[in-house]
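Everything below concerns the one structure shown next.
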Amino acid sequence: MPETPYNHEEVELKWSERWAAQPELYKAADDGVKPRYYVLEMLPYPSGRLHMGHVRNYSIGDTLARYMWMRGYDVMHPMGWDAFGMPAENAAIKRNQHPALWTFSNVGHMKQQLARMGFAYDWARETNTCTPEYYRWNQWFFLRMYEKGLAYRKNSLVNWCPECATVLANEQVVDGCCWRHETTPVEQRELVQWFLRITAYADQLLDDMAQLEAGWPAQVLTMQRNWIGRSEGAEVDFTLKATGEKLRVFTTRVDTIYGATCVILAPEHPVAKQLCSGDLAAALKTMIDDPSRKDPETQEKSGFFTGATAVNPYNGQEVPIWVGSFVLWGYGTGAIMAVPAHDQRDFEFCRKYDLPVTPVIRPVDGELAIESEMQECFPDYGVVENSGPWSGLASAEARKQMAAFAEQQGFGKASITFRLKDWGISRQRYWGTPIPVVHCPVDGVVAVPEDQLPIELPTDVQFTGEGKSPLAQNEQFVKTTCPKCGGPAERETDTMDTFVDSSWYFFRYVDPRNTSLPFDPAKVQPWFPVDQYIGGVTHAILHLLYARFWCKVMRDLGLVSVDEPFKNLFTQGMVQLNGQTMSKSKGNIVDPDDMVVKYGADTCRLFTLFAAPPEKNMDWNESSVEGQYRFLSRLFRWVTRNFDNPAGTGETDAAALRKLHQTIRKVTADFKNRWHFNTSIAALMELMNELQSVEAGLSPAVRRDCSEKVTLLIAPFAPYAAEELWSLLGHAGPVFKQSWPEFDEALAREELLEIPVQVNGKLRGRITVPHETSKEDLEKAALADEKVQAAIAGKTVVKVIVVPGKLVNLVVR
RNA sequence: GCCCGGGUGGCGAAACUGGCAGACGCAACGGACUUAAAAUCCGUUUUUCCGUAAGGAAAGUGUGGGUUCAAGUCCCACCCCGGGCACCA
């Protein structure tokens, strides 16, 4: 056929329609005939429009999925919607439109956008987290956790805007004030909230990372390790002098306890409240509410003396009890012993308030510091001094012995503390999963029986953005009867954090319409762990940690058999414009829709993969996009004018086949190794350059062969163009279910090698030799080269380095 | 402050195990085709210097040292950029 110009619109609309008519096209067979491969991309929040970050994430995943199909796998490639969350509720407040309406209309639009990009999803598995069919299982899991003591209620501090009379999420607090009332300082209020006991799994979350070393980026593992923050130390009870009450502190350096010169409490500590009255109580409240306490810029330590003292159980010494701004209520016991001589923060605090500094550790090869001369603390391990029976011990040894002593004496113990806190899931919002419990005046907190699930969100609610959450203002919802005693009771009106939704959705994909369980364990088993998870590094901690936790809970419930849900994780870089993150506020958004209209989805996909390696940030550059369009057109035209062209003698066949098979080798290796699709596409460009330059001499058979292989090679990257070419080639589709081309080492091999010759490490000439030329012959050929001879003229060759197949280097004097 | 990444032409990048630095693409410039433009095709393009020219020389991967026949790649020190964590006792 004659050369056909590449018309992206015509090609893509034609295949869009055909694919839309075949929903079974991307279905995972799930029959065990072929090996299974689960490609998972992080599901989007249905904000209404796809952005370039999505396009990049899903282009990477789709390319991989299509490649795995071509490698003969039964590929699971599902998609869904992380559809609960604040934006829908904010939209409701603003436009008086129900969150569900807003959400579902966004989903409809984004689904079209995804399809138009040519992403091959098994839509029969579509999962939307804001539907009762899905969130009833969030409730089901909650009940299981409640039964096992993994879900519990406790008092906790929340951000409270007195103007809105509502709770704010952390991201709604801007500079210590409410996002809607910019001059109203946010207060800390105590509220009873629901928590999931993720800390019960802290050790497992840490230890099982060993299973992830091979498949996860080291950076993500490090971030999780730091987040979990395991630290070994000891808990020790000081005694309140006045009352004899115990005051427990946590320390990692119990070996320094003879140097403790005061005890410092977090301002939120109950004992602080108890000890402070009058002016002190006011100071305490100010400190608790001061937003700059958490601001990294103002790290000035401040505090005050409570007037009370405590007794150190090791030496009976009486020390003052202070309140300190820098002591965290959420970590350890919320109280510390200050050892200024050996901790920099304590040092700064005690020097500021003229508290004594008592050195008790000396360097292994040095003297004990003198208090008046100390400019900074000595934080290292050393030898313990002035510490009663432990004097003379090494720090490490003293830590062990002193902790054991505390336990033996009953005033403490060795202890491990985690930075990780239990997961607070209560949200005083409407658009989330209702927590399935009832508050009964008689029976207290009562779990809703399983057969009453789902507790559905009521639809007739008012969205004002003020006061209690819309759920709490809805009497019909709140008023209920106690499942236990049948008396009048009130429903819990808190909803769950949306991270709950995304903690297990990828299990639901495998069995999405199950009505009796979240999923059938037998169905899920062969697909897990997920072979490849792909998403932004922004989720490195929270989402990925919660999902790991959820998986372990499900394992303990007997639902799954894996410890870890994701075998391999890939984190892609951001899409930027002129080095800046695209954002609405900056007004520098590139809309995928515009790009698709102008250049087509294939070009868009090619560019996002070509511009940078996928793990790196990439910059959107429209003229570079045009380059991809030119490449795709060139490829399209080459194939259409060559595949059935009967002309040609075949004199350039070998050259074309050599480049073709080198390209197959390169692209295949990129899929296997590091997904540097930018170099795969570059290799395909090189191939097209070569094919174009040797075109005139090709035989008909090789024209055909190259046309087919090129079409197959481009198929994972540019599915529309490939499908069109495949059908022009006379084949029944779909192209992504054909076998990936095998490369032939013999055809890929160059006839002759060109070997660089260096003299003293500088390139002086090149010799062309057959493969497997011996070292001796390489040396001879190098010395015989004209340019090399000129370079060594009048000098003595002292050494010759020959790396067969690579280079020759002559060392001369 | 601590922990990770990274720094290569005008730009995005490549160089996978120490072995020809700059593949591929963008932009720019020159040419062919065209009445013209677009599209397409061909060519040049790291810098500096020598030469009318063919061609040749030197320098060059953030900076300074080092190891090596050979360093973008390995080692030491430093500078800059990006990300994460940030009083975690």
Side-chain angles (χ1 to χ4, degrees), chain A residues 3 5 217-223 225-227 229-231 233 249-254 256 264 266 293-294 296 299-301 324-328 330-339 342-346 348-349 379 417-421 537-538 540-541 573-574 579 606-607 610-613 615-628 630-631 633-634 637 666 669-670 673-674 676 678-689 692-693 754-766 787 790 798-803 805-812:
Chain A
E3 176 180 302
Q219 183 204 2
V220 174
L221 293 177
T222 308
M223 284 163 76
R225 214 167 271 129
N226 292 342
W227 189 261
R230 184 181 194 271
S231 93
V249 303
F250 173 73
T251 176
T252 54
R253 292 295 303 274
V254 71
T256 65
I264 312 178
R293 237 182 97 213
K294 286 171 184 163
Q299 291 195 4
E300 175 75 11
K301 292 165 187 46
S325 63
F326 68 103
V327 180
L328 303 173
Y331 184 76
T333 60
I336 63 165
M337 61 176 201
V339 184
H342 304 292
D343 180 290
Q344 190 55 30
R345 294 155 305 183
D346 298 347
E348 286 168 26
F349 189 85
T417 292
F418 292 91
R419 206 193 84 117
L420 181 71
K421 290 178 218 160
V537 75
T538 28
I541 297 176
M574 292 185 296
L606 275 174
F607 174 73
F610 178 76
E615 71 277 8
K616 277 186 65 178
N617 288 350
M618 61 165 281
D619 215 70
W620 192 266
N621 177 317
E622 190 151 342
S623 46
S624 192
V625 177
E626 285 176 32
Q628 299 307 306
R630 281 201 281 269
F631 161 63
S633 319
R634 231 145 45 83
R637 282 181 278 118
K666 168 69 181 154
D670 279 338
N673 299 336
R674 353 176 255 178
H676 277 198
N678 52 330
T679 61
S680 313
I681 294 167
L684 285 162
M685 287 171 167
E686 280 188 61
L687 172 62
M688 292 322 295
N689 291 345
Q692 215 160 330
S693 72
E754 199 186 57
I755 304 283
V757 181
Q758 299 179 337
V759 175
N760 286 345
K762 293 196 172 167
L763 182 69
R764 291 301 176 199
R766 292 191 174 90
K787 286 181 183 168
V798 285
K799 196 172 173 186
V800 181
I801 288 123
V802 182
V803 185
K806 284 277 187 189
L807 104 168
V808 177
N809 188 10
L810 306 170
V811 185
V812 300

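In what follows, every chain begins at residue 1, and chains take the letters A, B, ... in the order their sequences are listed.
- Residue-level contact check: A:Phe610 touches the bases, meaning some heavy atom is under 4.0 Å from a base atom.
- In this structure, A:Lys301 forms no cation-pi arrangement with A:Phe349, as its terminal cationic atom is not both closer than 6.0 Å to the ring centre and no more than 45° off the ring axis.
- Here the side chain of A:Asn760 pairs a donor or acceptor atom with the backbone of A:Val812 at under 3.5 angstrom.
- B:G9 takes the syn form, because its glycosidic angle lies no more than 90° either side of 0.
- With distances taken from any side-chain atom of A:Pro613 to the nucleotides B:C41, B:A13, B:G19, the minimum falls on B:A13.
- As rounded to the nearest Å, B:A57 and B:C75 have P atoms that lie 34 Å from one another.
- Remark: side-chain polar atoms of A:Arg637 are not paired, donor with acceptor, to backbone N or O of A:Pro5 under 3.5 angstrom.
- When distances run from any side-chain atom of A:Ser624 to the nucleotides B:C16, B:A15, B:C26, the shortest one goes to B:C26.
- Atom CE in A:Met574 sits about 8 Å away from atom C1' in B:G83, given to the nearest Å.
- Proximity of A:Lys787 to the phosphate of B:G56: a side-chain N or O atom is located under 4.0 Å from OP1 or OP2.
- Remark: side-chain polar atoms of A:Asn678 are not paired, donor with acceptor, to backbone N or O of A:Ala611 under 3.5 angstrom.
- To the nearest whole angstrom, the two P atoms, one in B:G22 and one in B:A14, are 15 Å apart.
- Put simply, CD on A:Glu615 is 9 Å from P on B:A14, counting in whole angstrom units.
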